[in-house]
Amino acid sequence: MRITLLSGTILLLSSAILTLGASYNAHTQFNNINITMGGTLTAVPSKVLSKAEVYPSLSATAESMITKPALTAARQQFDTTNILILAVVSVLGMVMVYIIAGRSLHPIHELSRTISAISEDNLRQRIPEDQRNDEVGMLSGSFNIMLDRLEKSFLRQKRFSANVAHELKTPLATINAGIQVLHLDKNPSVSEYEETLATTERNVKRLMAVVDDLMALYDENEKLETVPINLQGMFESILSELRPLFDDKQIKTELQCGLKTVFYGNHILLYRACFNLVENAAKYNKGCGKILIETKADNKVGQIIITDTGNGIPADELEQIFEPFYRVNKSRSRKEGGAGLGLSIVKTIIEKHGWEISVHSTLGHGSVFTISLCL
């Protein structure tokens, strides 16, 4: 409404200024004509003189007496006409501005009502775009994109909260059950105390590990101390540490270090990230499978590629595997599948270095994790 009134006011002022300017100009011209006709006319030499030329004073006086009333009437008529035109143009302009501006602002009013109705409980609601190609359509599209991001963010937050609660509840419930058993037994033996203490200690360590992983995952103040990284030596140490797991599943490993360029990073964090990737490649691999680790340079971009021959990851879950506590196979136990923080920590470490990590997977044929780093 304010835009409509403002537009109408501007139009009204413009019309008033235009009319006043035209009226002033007309008055000036009429006054000039009056002065000219009220003065003495200069005779023009000629061979044959007319009656007006012979009696100039009489002719000018008669013409002035006849013309002045006519000019006054014409000036009044001009002023009246200007005022009528001003009124008509202003009214028509106001009506046109109201109609046009109202139609133009109608989608914005609809957008405002829709936005007001959206809350965290109905983030699935979207703004109708109506195939508009103007600014309002672009605004609606941008707002829908923002709603998509907000909805995904809220869903991730809810899943994270539920997963954290579940992850912390299980060991706490186990500890509480052991304590309740001791309370029910009037004369518990030393072995029962030892068993309860062992269970309590194991679950406390589990809780501490989850808390440590969460702190590592969301610690924004940690400063990276970078040193030259020897990828060959780092991966040889990782393969040596995981050798019992490879032997247990009869997995073959191959290391191809073609990246000879020296680059810098935090050795402890990178070791942990690469260790998690190789460990996952072994855990979720098939018996007698294979793990290939490659390092190479491609267009001044270094790449660390870890390929396995495991079961693969469904395409609709690829975007979620880096979320905290997410497990592809929900039926896996925690002992087999972990807490679901491994890949989240890997992504956090890689992004802290300013690098990128991506994954390509084919269900039933394995996965390929690629770390792209700046040389």
Side-chain angles (χ1 to χ4, degrees), residues 156 160 163-164 167 205-246 253-284 291-308 318-327 337-360 367-375:
R156 284 196 298 267
F160 176 79
N163 289 330
V164 168
E167 197 66 28
K205 288 181 178 180
R206 175 180 171 182
L207 290 172
M208 291 175 63
V210 172
V211 172
D212 289 341
D213 287 342
L214 288 174
M215 290 181 64
L217 190 61
Y218 295 103
D219 185 9
E220 299 292 341
N221 298 321
E222 183 177 351
K223 295 182 179 179
L224 294 179
E225 297 180 1
T226 58
V227 296
I229 302 297
N230 180 6
L231 288 177
Q232 177 96 22
M234 185 180 71
F235 278 109
E236 286 177 353
S237 299
I238 292 174
L239 293 176
S240 176
E241 188 174 349
L242 291 173
R243 181 57 55 188
L245 180 58
F246 299 147
T253 60
E254 182 179 353
L255 177 60
Q256 298 178 0
C257 282
L259 182 59
K260 304 300 181 182
T261 306
V262 178
F263 68 95
Y264 290 82
N266 186 285
H267 185 271
I268 297 175
L269 293 180
L270 287 180
Y271 187 94
R272 182 177 185 181
C274 294
F275 182 92
N276 285 351
L277 291 176
V278 177
E279 184 183 30
N280 284 347
K283 279 183 178 181
Y284 307 127
I291 297 176
L292 173 62
I293 302 173
E294 300 176 86
T295 64
K296 60 182 181 180
D298 185 13
N299 294 329
K300 297 183 179 181
V301 176
Q303 289 185 332
I304 301 174
I305 305 173
I306 301 175
T307 307
D308 65 69
L318 284 176
E319 296 183 358
Q320 305 175 43
I321 62 173
F322 293 106
E323 294 182 11
F325 298 106
Y326 187 81
R327 295 186 181 93
L341 289 171
L343 289 179
S344 299
I345 294 174
V346 169
K347 185 177 181 181
T348 301
I349 292 174
I350 298 303
E351 290 180 346
K352 280 185 177 181
H353 283 78
W355 304 340
E356 296 179 355
I357 183 171
S358 59
V359 57
H360 174 75
S367 304
V368 181
F369 286 83
T370 303
I371 299 175
S372 300
L373 47 96
C374 300
L375 298 178

Would you check if Leu277 and Ile357 make a side-chain contact, meaning some heavy-atom pair closer than 4.5 Å? yes
Stepwise, does the side chain to side chain contact (heavy atoms under 4.5 Å, CB included) test hold for Glu241 with Tyr271? CA-CA 12 Å; Glu241 188 174 349; Tyr271 187 94; 2.8 Å; yes
Closest approach of Ala281 and Ile306, non-hydrogen atoms and distance? CB-CG2, 4.4 Å
Let me see the working for Phe246 and Val278 under side chain to side chain contact (heavy atoms under 4.5 Å, CB included), right down to the final yes or no. CA-CA 10 Å; Phe246 299 147; Val278 177; 3.9 Å; yes
Can you check whether Leu373 reaches His353 side chain to side chain, under 4.5 Å on heavy atoms? no
Does any part of the side chain of Phe369, heavy atoms only, come nearer than 4.5 Å to the side chain of Ile321, both counted from C-beta? yes
Take His360 and Thr370, measure what side chain to side chain contact (heavy atoms under 4.5 Å, CB included) needs, and give me the verdict at the end. CA-CA 8 Å; His360 174 75; Thr370 303; over 6 Å; no
Under a 3.5 Å distance rule, please check whether Asn266 uses its side chain to pair with a backbone N or O of Glu225 as donor and acceptor. yes
Closest non-hydrogen atoms of Leu259 and Ala297, given as atom of the first, atom of the second and distance, are CD1-CB, 3.8 Å
What I'd like to find out is whether the side chain of Phe322 reaches to under 4.5 Å of the side chain of Ile350, using heavy atoms alone. no
Heavy-atom closest pair, residues Thr295 and Cys257: OG1-CA, 3.0 Å
His267 side chain reached by Ile229 side chain, heavy atoms, under 4.5 Å: yes
For residues Glu279 and Leu245, report the shortest heavy-atom separation together with the two atoms involved. O-CD2, 4.3 Å
Nearest non-hydrogen partners of Tyr264 and Trp355, listed with the distance: O-CZ2, 3.7 Å
Hey, could you give me the CG/CG distance between Leu270 and Leu231, rounded to the nearest 0.5 Å? 8.0 Å
Over 12 non-hydrogen atoms of neighbours within 6.0 angstrom of CD1 in Ile268: no
Check the pair Ile293, Ile238 against side chain to side chain contact (heavy atoms under 4.5 Å, CB included), reporting the backbone distance first and the verdict last. CA-CA 11 Å; Ile293 302 173; Ile238 292 174; over 6 Å; no
Which residues share a salt bridge (Lys or Arg N to Asp or Glu O under 4.0 Å) with Glu254, sequence neighbours left out: Lys290
Run the side chain to side chain contact (heavy atoms under 4.5 Å, CB included) test against Pro244 and tell me which residues pass, sequence neighbours left out. none
From Thr307 OG1 over to Leu292 CG, what is the distance, rounded to the nearest 0.5 angstrom? 5.0 Å
Applying side chain to side chain contact (heavy atoms under 4.5 Å, CB included) to Glu236 and not counting sequence neighbours gives Gln232, Leu255
Could you state the interatomic distance from CD1 (Ile349) to CZ (Arg272), rounded to the nearest 0.5 Å? 6.0 Å
Any side-chain heavy-atom pair from Tyr284 and Asp308 closer than 4.5 angstrom? no
Minimum heavy-atom separation for Val301 and Ser372, please, with both atom names. CG1-CB, 4.1 Å
With sequence neighbours excluded, residues passing side chain to side chain contact (heavy atoms under 4.5 Å, CB included) with Lys296: Gln303, Ile305
